[in-house]
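First comes the structure, then the notes that go with it.
Protein chains get the first letters and strands the later ones, always in sequence-line order, with residue 1 at the start of each. Heavy-atom basis, side chains included; hydrogens, waters and symmetry copies ignored.
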Number of protein chains: 2
Amino acid sequence: MLHRGVIRPNNVQKKGAIIAGVEAELVKHIRATGGLSRIELAKVLTLSPSTIGVYVDRLLHEGYLVEGDRKVPCGAGRPRTTIALNPNAGQFVGVDFHAKEILAVSVDFAQNIVKQASRPVRRGERAAKVIQSVVDIVDEVVPSDRKLLLGIGIGSPGPVDLEHGTAVEYRYIRDFNDVPIVKPVMRRFNAPVYIENTANAMALAELWFGQGRDLNSFVSLWIRSGIGAGIIINRQLYSGLADGAGEIGAWRCPLYKAAPDGKLERRDETTLCDLQEIASVRAICDTLPGRWSTDRLIRAYRKQDPAAREVVNAAAGSLAWAIAQLTFCLAPERVVLAGPLADLGDDFASFLATTTAACMAPTRLHVPPVAMSTLGPFSGALGAAALVVDRWKPAR
Amino acid sequence: MLHRGVIRPNNVQKKGAIIAGVEAELVKHIRATGGLSRIELAKVLTLSPSTIGVYVDRLLHEGYLVEGDRKVPCGAGRPRTTIALNPNAGQFVGVDFHAKEILAVSVDFAQNIVKQASRPVRRGERAAKVIQSVVDIVDEVVPSDRKLLLGIGIGSPGPVDLEHGTAVEYRYIRDFNDVPIVKPVMRRFNAPVYIENTANAMALAELWFGQGRDLNSFVSLWIRSGIGAGIIINRQLYSGLADGAGEIGAWRCPLYKAAPDGKLERRDETTLCDLQEIASVRAICDTLPGRWSTDRLIRAYRKQDPAAREVVNAAAGSLAWAIAQLTFCLAPERVVLAGPLADLGDDFASFLATTTAACMAPTRLHVPPVAMSTLGPFSGALGAAALVVDRWKPAR
DNA sequence: CCCAGTTATTACGAGCTCGGAATAATACCT
DNA sequence: AGGTATTATTCCGAGCTCGTAATAACTGGG
């Protein structure tokens, strides 16, 4: 009878690419839910069950999907046969680096972690050396059967140039300006390679692996040496003009100080300060007297160390302010906090939630749930892997 | 050979609805550009020229489109025949109201203005009365041949409940709480009726009639009794959870004062204030001594009245701060300022642009062009009409 | 245990969309 | 002015997707 739902994505098409696009969409839905029957797929993709049957059969035959054995009985009638991802269909690789460490991870097609690897970066190491290490460490997690390698994602701290595949700048590694990364990695491993700034990649990680699996639109806050927001709208990353969206580390925001009882007040200063100079992990550690590593900070906070509590809570004040501003602007379904601070524990989570609600109290607007990422220390690398997951299409 | 680009919008389908959706998309592209040939349509919609031919012929035959006579010679070869909208295919109606005035407009299918009407709202008038006036004034602009009426859009100041078609609240009209609007208008005119808050509707007006015609993603700032941002992403309105996005009037922001020479400084206060208590037209007028109407303010500013300049420029400082924050977050391609302040003239525009650039100067991020809306005093009503334009589909 | 009721999946004919070829309409060159 | 190159649009056979109908696989009740 008749066909075509709606217009394709604006780019090219050509035979195979079209149906590969639909198949990618189909796989994404299965990925987001963990398993769907043909009939459910037909519903969400608004294609007829007959057509879905054709697509699923093909993907089944090509080994991307498997028929789950658990038949789901939903009331009376023939139970639906769940279709799931075939873990053996391939592996996604992600790598994440910053001034102190490089981390890599490989994930199978059903998004189970296969291998992890990490390596410290020495103080003052130069960009070229770091990139070399990145390549080496990717080599450690790449599947031995190279045919299984579906692609490599790279999360770079700071802005990136998507067109040229370079990292534009990152002030905490020497010589780190306009560094070409995509090209060397692609040459070495001969697979698709994608780059994004880590904050955006993290949003995709939450979308595919984490707290955003069930949501259409949310924001993730990535906090480490800087602060960036990854914005997901309709299950797509919104990165703005020239990949510039989410740079809320540059927001000018008020400063808070925490009394020992945990209450917050504005510091009596006129000056507003860049959010990332107040509330990034780096800024927090720099505020404390002496040498504080991220791990030490987390441990101290969890052990109720008063100095750590005071400084972190003050930062939380500014973060809450930022979350409130973000909510006024975007009304996301959820805000996910990712990065080392996500490990601060329930105390911190509820403090942040309360403070955010307080910031929004004068208005009647809906306060979004603030969730802590549970992706753990390799979350950055998972974010990078999610880049590949997000762009994967079946070969045609 | 093969078909279907990509998945349909998530809602329903059924035969006619599918192809109506594609046709609506086709008409939107013509609307945005003002005229396209079949071959260009094929390119942007990623359908084959053959298929486009079928669609265009049908819409031509049904009277929605006309073949332009100007054949565009683009180098050598057969010139393309431009397809344009048929102005006589129907009319869109929009109505906008606030505490002081109700404005309505009708627009033909090729988006030329047909009729305008307005009526003042008396001080202290109650909600029920205002709604009655809204209906009356819509009646003045509705096409006499009711078959031409394609739909009515309503822009409501403040939050709306899309599901029930009610205005949730607006503090500057008495009794204005949970007012049902859609139903009475629909009953009276027997046509599709849509409601949105005016800020969001304005964004659609800029998208279809104004400064956003050539853009994919931008933000429009609507400033009158409050301040709201309308966010367009990929030529779609993003309205967030529960239609809550863009409420940046609630942003806490720093206060400025303007020296007579136009220079800005922070006012030496710790307190942050809601943006709309500083920079809305209402707030500006309230700041000035005596009774100031919007018109008086605009005239005084344009005549270089020092008091008006000082107050408006101080507000511009906060606005520039807000635009900067917005840009850090969303990196829009453009920021459009809509509402009465858009008529302040070039002086104000360049002052605002300069100040915004100054706010963003510490970073290397791209400063977006700030444009003034040119839609004029009926811009709110046009925004409401744009609601209908945006949702129009051919009958099938 | 069999049967009716319910829901998921597959089979099949019809029509819509596609790619490629044919045709139309112009510019530019000689 | 006529021929050639170039580009837009239409024509046509092939195949993909759709709706309908048939079939499969269960639940629950007598």
Side-chain angles (χ1 to χ4, degrees), chain A residues 1-8 12-23 25-26 30 35-61 65 67-84 396, chain B residues 1-8 12-23 25-26 30 35-61 65 67-84 396:
Chain A
M1 284 272 166
L2 57 74
H3 316 147
R4 306 238 43 266
V6 151
I7 300 355
R8 282 166 221 145
V12 211
Q13 63 274 37
K14 285 294 172 225
K15 268 210 197 194
I18 299 174
I19 93 160
V22 178
E23 289 177 349
E25 207 72 21
L26 191 156
I30 295 181
L36 285 174
S37 72
R38 291 169 174 83
I39 211 84
E40 290 167 312
L41 282 167
K43 207 161 286 172
V44 291
L45 296 179
T46 57
L47 292 171
S48 74
S50 346
T51 309
I52 290 293
V54 178
Y55 276 89
V56 168
D57 284 351
R58 183 168 44 223
L59 289 167
L60 237 31
H61 185 256
L65 302 178
E67 267 188 339
D69 33 25
R70 50 178 184 136
K71 316 261 181 186
V72 184
C74 44
R78 175 173 173 174
R80 29 189 81 161
T81 49
T82 315
I83 313 291
R396 260 303 95 85
Chain B
M1 283 275 168
L2 58 74
H3 318 147
R4 304 238 43 266
V6 151
I7 300 353
R8 281 168 221 144
V12 210
Q13 67 273 37
K14 286 295 171 224
K15 268 208 194 193
I18 299 174
I19 92 162
V22 178
E23 290 176 348
E25 205 74 22
L26 191 155
I30 294 181
L36 285 174
S37 72
R38 291 169 173 84
I39 210 82
E40 290 167 312
L41 282 167
K43 207 162 285 173
V44 291
L45 295 178
T46 57
L47 292 171
S48 74
S50 348
T51 308
I52 290 293
V54 178
Y55 276 89
V56 168
D57 284 350
R58 183 168 44 222
L59 289 167
L60 237 32
H61 185 258
L65 303 179
E67 266 187 340
D69 32 26
R70 50 177 185 137
K71 317 258 179 186
V72 184
C74 45
R78 175 175 173 174
R80 29 188 81 162
T81 48
T82 315
I83 312 292
R396 260 301 97 83

Spacing of [X] atom [atom1] relative to [N] atom [atom2], expressed in whole Å:
X     : N      : atom1 : atom2 : result
B/L36 : D/dA8  : CG    : P     : 13 Å
A/R58 : D/dG15 : CZ    : C1'   : 13 Å
A/L41 : C/dT10 : CG    : P     : 12 Å
A/L45 : D/dC16 : CG    : P     : 19 Å
A/I52 : D/dG19 : CD1   : C1'   : 15 Å

Candidate pair A/I52 and A/K43, rule side chain to side chain contact (heavy atoms under 4.5 Å, CB included), full reasoning: CA-CA 10 Å; A/I52 290 293; A/K43 207 161 286 172; over 6 Å; no
Side chain to side chain contact (heavy atoms under 4.5 Å, CB included) between A/V22 and A/L47, intermediate numbers included: CA-CA 10 Å; A/V22 178; A/L47 292 171; 4.0 Å; yes
Point-to-point distance, once rounded to the nearest 0.5 Å, from OG1 of B/T82 to CZ of B/R38: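 These two atoms lie 10.5 Å from each other.
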Contact summary for B/S48 and B/A42, nearest pair of heavy atoms: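 That would be C-CB, 4.1 Å.
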A/S48 side-chain N/O to D/dC18 phosphate OP1/OP2 under 4.0 Å: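 Looking at the OP1 and OP2 atoms of D/dC18, one of them is under 4.0 Å from a side-chain N or O of A/S48.
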Below 4.0 Å: OP1/OP2 of D/dT17 and any side-chain N or O of A/Y55: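 Checking D/dT17 against A/Y55, a side-chain N or O does come within under 4.0 Å of OP1 or OP2.
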Set of side-chain contact (heavy atoms from CB on, under 4.5 Å) partners for B/I30, sequence neighbours left out: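 B/L26, B/L41, B/L65, B/I83, B/L85.
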Taking only N/O atoms, report every protein-nucleotides 9-11 of chain D pair under 3.5 Å with atom names and distance.
residue	atom	partner	partner atom	Å
D/dT9	OP1	B/T81	N	3.0
D/dT9	OP1	B/T81	OG1	2.7
D/dT9	OP2	B/R38	N	3.4
D/dT9	OP2	B/I39	N	2.9
D/dT10	OP2	B/R38	NE	3.2
D/dC11	N4	B/S50	OG	3.4

